[in-house]
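Each chain gets a letter, A, B and so on, in the order the sequences are listed, and its residues count up from 1. Hydrogens, waters and symmetry mates are skipped; everything else that's a heavy atom, side chains included, is used.
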Number of protein chains: 2
Amino acid sequence: MDQVEVFKALSNKTRLQILNWLKQPEASFPEQAVYGYAHGICVGQIQQKTGLTQSTVSEYLSTLQRVGLVKATRVGQWTYYQRNEEAFAELSQLIQSEI
Amino acid sequence: MDQVEVFKALSNKTRLQILNWLKQPEASFPEQAVYGYAHGICVGQIQQKTGLTQSTVSEYLSTLQRVGLVKATRVGQWTYYQRNEEAFAELSQLIQSEI
DNA sequence: AAGATATATCGACTTTTCTCGATATGCCAA
DNA sequence: TTGGCATATCGAGAAAAGTCGATATATCTT
């Protein structure tokens, strides 16, 4: 876990917002109920909710994934993203003990 | 506690290093033994240890203070900085519960 | 195979951050 | 009150991040 990179990833309002939405996928993305929440939420849903362009949101999600805060699962033409709770636990610990 | 600003402050190797040094002031800054550690470590000591310029380090410390991660105490011509442990506890909590 | 859809990547431009040297401010000592 | 330190602030140039539109890639449907 590269501390600086993780903190950079968290240094953006929209990315924090996305992470927050992903805490309660059902509540935050009811539109996806039809397709289920098994692997998380797909890029398009997240993009719509942010109001930013597709490329920006795709980039944001890949940033969050690169540092390990979310996990991605490709299913057909969709990529589903979900939080990686272990990473958050680790980060919280890190702040308590190492930083 | 402005989350984005706190994470920005933590998104820098040198600033993380400084925070880490301040965890154990006596061990990290033995040169300051003569003057005591009551209010923390003064800018000059920190600057020397980073190898960066005085202005950069002063700026870094004021950034850390602005977001609440350190506390500053002016004594004569010196400004002493020390960690604000409450802020770290709060941040750790924040990550566990809100982010 | 072709078209449609979802996502990723690229190139460009703007804004922010990093870092410095120079200068200002505040405080102390002679 | 003048000079000398310690720290803060300013202005500038370089590097990184934010964000977009355009395009590429992958997959699905027909």
Side-chain angles (χ1 to χ4, degrees), chain A residues 2-19 22 29 31-32 34-67 69-82, chain B residues 2-19 22 29 31-32 34-67 69-82:
Chain A
D2 182 331
Q3 301 178 188
V4 173
E5 291 307 311
V6 171
F7 289 130
K8 276 188 192 171
L10 293 171
S11 297
N12 177 284
K13 197 164 183 150
T14 303
R15 286 192 297 265
L16 285 180
Q17 183 74 83
I18 292 171
L19 290 171
L22 291 179
F29 301 94
E31 321 82 66
Q32 199 177 300
V34 194
Y35 309 104
Y37 299 95
H39 302 99
I41 304 294
C42 66
V43 181
Q45 303 283 353
I46 298 170
Q47 188 234 317
Q48 269 184 256
K49 204 154 162 130
T50 61
L52 297 177
T53 63
Q54 188 272 324
S55 68
T56 297
V57 174
S58 175
E59 165 66 17
Y60 280 3
L61 289 168
S62 113
T63 295
L64 291 172
Q65 188 200 10
R66 182 164 34 77
V67 302
L69 293 171
V70 303
K71 293 180 280 194
T73 312
R74 182 98 198 204
V75 177
Q77 35 192 165
W78 291 274
T79 307
Y80 293 94
Y81 285 92
Q82 60 189 315
Chain B
D2 182 329
Q3 302 179 187
V4 172
E5 291 307 311
V6 170
F7 289 131
K8 277 187 192 171
L10 293 171
S11 297
N12 177 283
K13 196 165 185 151
T14 303
R15 286 192 297 265
L16 284 180
Q17 182 76 81
I18 291 171
L19 290 171
L22 292 179
F29 301 94
E31 321 82 67
Q32 199 177 299
V34 194
Y35 308 104
Y37 299 95
H39 301 100
I41 305 295
C42 66
V43 181
Q45 303 284 353
I46 298 170
Q47 187 234 319
Q48 269 184 257
K49 202 153 163 133
T50 61
L52 297 176
T53 64
Q54 188 271 325
S55 67
T56 297
V57 174
S58 175
E59 165 67 17
Y60 280 4
L61 289 168
S62 111
T63 295
L64 291 172
Q65 188 202 9
R66 182 164 34 78
V67 302
L69 293 171
V70 302
K71 293 179 281 194
T73 311
R74 183 99 197 202
V75 178
Q77 35 191 165
W78 291 273
T79 307
Y80 293 95
Y81 285 93
Q82 58 189 318

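- Comparing C/dT7, C/dT16, D/dT7 against the side chain of A/Cys42 picks out C/dT7 as the nearest.
- Within the 4.0 Å cut-off from OP1 or OP2 of C/dA8, at least one side-chain nitrogen or oxygen of A/Tyr81 is found.
- Going from atom NZ of A/Lys8 over to atom C1' of D/dG18 covers 13 Å, rounded to whole Å.
- The phosphate of D/dA8 (OP1 or OP2) has a side-chain N or O of B/Thr79 nearer than 4.0 angstrom.
- The shortest side-chain heavy-atom distance between B/Leu10 and B/Leu69 falls under the 4.5 Å cut-off.
- Comparing D/dG18, C/dT7, C/dG21 by their closest approach to the side chain of B/Thr53 singles out C/dG21.
- For the pair A/Glu31 (side chain) and A/Gln45 (backbone), a donor-acceptor distance under 3.5 Å is absent.
- Computed from coordinates, the A/Ile46 CD1 to C/dT7 P distance equals 9 Å when rounded to whole Å.
- No donor-acceptor distance shorter than 3.5 angstrom exists from the side chain of A/Tyr81 to the backbone of A/Gln65, with no hydrogens or angles considered.
- Of the N and O atoms on the side chains of B/Thr14 and B/Thr50, not one donor lies less than 3.5 Å from an acceptor on the other residue.
- Each of D/dT7, C/dA22, D/dC20 was ranked by its minimum atom distance to the side chain of B/Trp78; first place goes to D/dT7.
- If you measure from atom CG of B/Leu61 to atom P of D/dA8, you get 7 Å, rounded to the nearest angstrom.
- With rounding to whole Å, B/Lys13 atom NZ is found 17 Å from D/dA15 atom C1'.
- A/Tyr80 comes within 4.0 angstrom of nothing in the nucleic acid, heavy atoms only.
- Taking only side-chain atoms of A/Arg74, from C-beta outward, the nucleotide of D/dT7, C/dA8, C/dC20 with the closest atom is C/dA8.
- Within the 3.5 Å criterion, the main-chain N or O of A/Val70 finds no donor-acceptor partner in the side chain of A/Gln82.
- Here D/dC5 presents its P atom at 16 Å from CD of B/Gln45, a figure rounded to the nearest Å.
- Atom pair B/Gln77:CD and C/dC28:P shows a separation of 7 Å (rounding to whole Å applied).
- Here A/Leu52 lies in heavy-atom contact (under 4.0 Å) with sugar-phosphate atoms only.
- In this structure, of C/dA8, D/dT7, C/dC20, it is C/dA8 that holds the atom nearest to the side chain of A/Val43.
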